[in-house]
Amino acid sequence: MGSPVVIGALCLIIAEALFAGIGALVKHLSGEMNQFQLVFFRNLFALLALMPWILRMGRVGLKTEYLGLHLLRSTSGLIAMYCFFYVLAHIPLAQAMMALLVAPFIVPIIARVWLKEHISHKSLMAIGLGFIGAAFILRPEGENMNLFILLALICATLVAFTKCTIRKLSGSEPPARIVFYFTVLATVVSLIPMLFNWESLPNVVWKWLGLMGVMAAAGQLLMTKAFQLASPVRIGLLTYSSVFFAAILGYVFWQEPVTAGLIGGTLLIVWAANMTLRQRWLW
């Protein structure tokens with residue numbers, strides 16, 4: 001069996017592939033339903049997909065002494081979701097994922113201040129390389145792009161905080177319990193604005209919403225397990241693998257170009273992720 005860091009890294013890569021798929025589904029469904037409906041049904045169907053785990057855990061398995069931390073994690077995650085779904089509807093998929101994924105550069109700062117985790121010199125260098133790679137990819141064009149990227153960066157800060165909250169919880173809470181509380185709280189809270197912004201939905205959207213829920217539940221479980229096995233300082237930059245998956249999906253379904261900036265920036269980020277994961281300058 002591999003080391004916890006390697007297994008955590010693999011869990012995170014699979015989770016990010018699922019999140020890229022969710023991003024593509026959100027972008028597709030944005031023409032059929034509003035953001036409030038998308039957020040609510042994404043959480044509702046994820047909750048339904050989690051039911052087998054919930055029933056298996058039972059009341060004792062769901063009991064927690066850290067409700068405040070769960071609420072904090074759910075609040076930051078839900079606000080980030082609203083921002084991100086809005087951004088996804090207006091800019092290319094890979095660029096939206098990249099704007100969001102400034103989070104791994106913010107994670108070490110929060111982890112150092114809050115969790116008192118050490119940041120090595122190689123990790124600091126990797127963070128710098130990651131910022132350079134992100135600049136190559138983002139390069140805002142058009143009057144409204146700055147606004148959308150700003151919203152995505154706000155979202156990224158919330159996501160970074162969420163990932164560190166997961167790390168804080170994972171010392172005593174199993175992954176399924178962490179995901180359960182987030183999904184339940186997010187579903188209940190997002191119900192209210194959805195009811196005030198209800199629009200009739202075509203029948204075709206339901207199968208995609210169901211698929212989104214399954215992917216969201218699986219992705220959340222894998223991401224939570226990843227950060228339980230390894231520090232976000234070590235594996236956080238692997239979240240950039242979602243940009244690769246998003247670029248493929250964007251090209252196939254929306255003919256979004258794969259630019260030299262995207263390729264070059266992604267290569268820099270892969271190098272940075274390797275430095276963080278293996279603490280080596282080269283492979």
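Below, each value reflects all heavy atoms present in this structure, side chains not excepted, and no hydrogens, waters or symmetry copies. Remember, predicted model here, so these are calculated numbers, not experimental data.
- Summarising the local packing, CZ of Phe245 is surrounded by more than 12 heavy atoms from other residues, nucleotides or ligands at distances under 6.0 Å.
- Taking every heavy atom of both residues into account, Ala80 and Val159 meet most closely at CB-CG2, 4.0 Å.
- Using a 4.5 Å cut-off between side-chain heavy atoms of Ile, Leu, Val, Met, Phe, Trp and Tyr, with links allowed through other members, Leu44 and Phe196 fall into different hydrophobic clusters.
- Taking all atoms of both residues into account, the shortest heavy-atom contact from Gly23 to Leu88 is CA-CD1, 3.7 Å.
- Phe85 and Leu209 fall within the same hydrophobic cluster, defined by Ile, Leu, Val, Met, Phe, Trp and Tyr side-chain heavy atoms under 4.5 Å apart, directly or through other members.
- Rounded to the nearest 0.5 Å, atoms NZ (Lys63) and CD (Glu173) are 12.0 Å apart.
- Contact annotation: the side chain of Leu158 never approaches that of Phe161 to less than 4.5 Å [non-hydrogen atoms, C-beta and beyond].
- Under a hydrophobic clustering in which Ile, Leu, Val, Met, Phe, Trp and Tyr are joined whenever their side-chain heavy atoms come within less than 4.5 Å, directly or via other members, Val214 and Val205 fall into different clusters.
- Within the 4.5 Å cutoff, side-chain heavy atoms of Met212 are placed close to those of Val26.
- Surrounding OH of Tyr251 are at most 12 heavy atoms belonging to other residues, nucleotides or ligands under 6.0 Å away.
- The environment of CD in Glu65 is sparse: at most 12 heavy-atom neighbours from other residues, nucleotides or ligands sit within 6.0 Å.
- Ile79 and Ile192 are members of different hydrophobic clusters when ILVMFWY side chains are connected at heavy-atom separations under 4.5 Å.
- By the criterion of side-chain heavy atoms lying less than 4.5 angstrom apart, applied directly or through intervening Ile, Leu, Val, Met, Phe, Trp or Tyr residues, Val39 is grouped together with Leu191 in one hydrophobic cluster.
- In terms of heavy atoms, Phe182 sits closest to Leu78 at CE1-N, 4.1 Å.
- The shortest side-chain heavy-atom distance between Ser30 and Leu38 falls under the 4.5 Å cut-off.
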